[in-house]
Amino acid sequence: MALLPALATVDDVAAILNRPLSITEVSTATRLLEIASGMVRRYTRQDLTFALGDMVTIPGNWGQSITLPQRPVVNVSSVTINGATPPFAAWKLIDDELFIGTGSFQPDYGTALWGGTGLWGPAGSFQGPQATGATWQGPQVSVAVVYDHGYDPIPDDIVNEVAGMAALQMSSPVGIDEERVGGYLAKYAQSPVGGLALASETKAVLNFYRRRYASVSIATRR
């Protein structure tokens with residue numbers, strides 16, 4: 001997996017400190033930004049940086065929607081179910097969810113998933129066309145999605161939090177174990193790049209971007 005870029009720049013740190021950085025400080029700020037960006041990504045469970053043509057494989061379910069893991073979803077270029085391509089009209093993207101609609105597919109595993117003209121019920125029903133809506137064919141199938149997602153540019157509030165964490169750590173005097181300025185919290189170790197932590201105020205900002213856990217359909221096949 002390619003290394004994701006920092007969510008803020010050295011210039012952003014310098015702007016918060018309101019002064020230019022020395023060569024040594026640029027190196028330190030670069031490392032601090034990498035650490036802070038990683039913390040933000042782990043907390044939000046999001047890459048955040050824009051990605052073009054990313055592919056994800058998701059288990060199917062017995063419901064009509066699948067939540068794509070990375071937000072915001074900018075575009076979906078292809079969807080395959082167990083390697084078969086459903087007609088474009090069969091699915092629709094709404095926000096970060098793929099809904100399956102009036103597609104026609106065969107109910108038994110091991111055959112061409114999409115075909116015919118009737119709307120079928122859940123896989124394995126063996127009852128022919130069903131009156132109810134289509135599903136993502138249950139957790140036994142793999143749904144592969146190629147999509148574009150993320151932000152370009154990174155939102156200002158994320159940039160501000162990441163750069164602020166780095167700036168606070170750089171500006172604190174030696175000998176201070178912990179310091180809080182606004183929403184930024186730094187816990188200092190002997191290393192000049194260690195000890196960063198997300199303050200509750202920072203988490204409150206990041207909660208808007210944090211990925212929710214996908215719901216799981218408990219419906220059973222007919």
Side-chain angles (χ1 to χ4, degrees), residues 1-18 29-52 54-59 61 63-76 92-99 136 143 145 147-172 176-189 193-218:
M1 179 178 178
L3 180 66
L4 294 173
L7 297 170
T9 68
V10 171
D11 288 342
D12 295 320
V13 177
I16 291 176
L17 293 174
N18 196 29
T30 299
R31 180 59 181 146
L32 285 169
L33 290 171
E34 291 173 353
I35 295 172
S37 297
M39 294 170 62
V40 167
R41 287 186 169 111
R42 285 191 295 273
Y43 180 77
T44 60
R45 299 187 286 268
Q46 293 288 288
D47 292 346
L48 299 170
T49 305
F50 180 76
L52 179 68
D54 189 21
M55 187 177 80
V56 63
T57 301
I58 308 170
N61 59 48
Q64 289 184 296
S65 69
I66 284 181
T67 301
L68 297 175
Q70 295 295 324
R71 301 172 55 196
V73 178
V74 179
N75 178 62
V76 173
K92 182 178 179 64
L93 175 67
I94 302 178
D95 295 328
D96 59 335
E97 291 191 277
L98 278 178
F99 287 83
W136 286 106
V143 180
V145 181
Y147 69 126
D148 308 334
H149 58 78
Y151 297 93
D152 185 16
I154 298 296
D156 289 341
D157 51 356
I158 295 178
V159 172
N160 186 58
E161 294 300 322
V162 172
M165 291 169 65
L168 178 61
Q169 179 107 344
M170 292 179 64
S171 63
S172 295
I176 301 297
D177 294 324
E178 179 175 312
E179 184 176 11
R180 182 187 295 268
V181 177
Y184 311 122
L185 174 67
K187 295 181 180 179
Y188 304 104
V193 297
L196 286 177
L198 293 177
S200 57
E201 294 87 351
T202 296
K203 291 179 180 179
V205 172
L206 297 176
N207 282 340
F208 175 81
Y209 303 95
R210 198 177 194 198
R211 186 177 76 201
R212 66 184 184 273
Y213 287 106
S215 60
V216 178
S217 172
I218 59 174

Colleague: Are Arg71 and Tyr209 in a cation-pi contact, defined as NZ or CZ under 6.0 Å from the six-membered ring centre and within 45° of the axis?
Modeller: no
Colleague: Do you know the tightest heavy-atom contact between Asn61 and Gly63?
Modeller: OD1-N, 2.7 Å
Colleague: Can you see which heavy atom on Val13 is nearest to which on Ala166, and at what distance?
Modeller: CG2-CB, 4.0 Å
Colleague: What's the separation between atom CG in Leu206 and atom OG1 in Thr44, rounded to the nearest 0.5 Å?
Modeller: 6.5 Å
Colleague: Taking Asn160 for its side chain and Gly164 for its backbone only, find out whether a donor-acceptor pair lies under 3.5 Å.
Modeller: no
Colleague: Do you know the tightest heavy-atom contact between Gln169 and Leu32?
Modeller: CG-CD2, 3.9 Å
Colleague: Can you check whether Leu198 reaches Glu161 side chain to side chain, under 4.5 Å on heavy atoms?
Modeller: no
Colleague: Closest heavy-atom contact between Ala163 and Leu33?
Modeller: CA-CD2, 4.1 Å
Colleague: Side-chain contact test, heavy atoms from C-beta onward, threshold under 4.5 Å: evaluate it for Val74 versus Phe50 and give yes or no.
Modeller: yes
Colleague: Would the distance check show the side chain of Gln46 and the main-chain N or O of Pro69 forming a donor-acceptor pair, the cut-off being under 3.5 Å?
Modeller: yes
Colleague: First locate atom OG1 of Thr49, then atom NE2 of His149, and finally report the distance between them rounded to the nearest 0.5 Å.
Modeller: 10.0 Å
Colleague: To the nearest 0.5 Å, what is the distance between CG (Leu98) and CG (Asp96)?
Modeller: 9.5 Å
Colleague: Can you spot which of Leu68, Thr57, Val73 makes a side chain to side chain contact (heavy atoms under 4.5 Å, CB included) with Val145?
Modeller: Leu68
Colleague: How long is the gap from CG on Leu3 to OG on Ser37, to the nearest 0.5 Å?
Modeller: 10.0 Å
Colleague: To the nearest 0.5 angstrom, please state how far the CE atom of Met39 sits from the NZ atom of Lys203.
Modeller: 8.5 Å
Colleague: Give a yes or no on whether Asn207 atom CG has more than 12 heavy-atom contacts from other residues, nucleotides or ligands under 6.0 Å away.
Modeller: yes
Colleague: About how many Å separate CG of Leu48 and CZ of Arg45, when rounded to the nearest 0.5 Å?
Modeller: 12.0 Å
Colleague: Quick check: closest heavy atoms across Ala6 and Glu34, and the distance to 0.1 Å?
Modeller: CB-N, 4.5 Å
Colleague: I need the minimum non-hydrogen distance between Glu97 and Ser65, along with the two atoms involved.
Modeller: OE2-OG, 3.4 Å
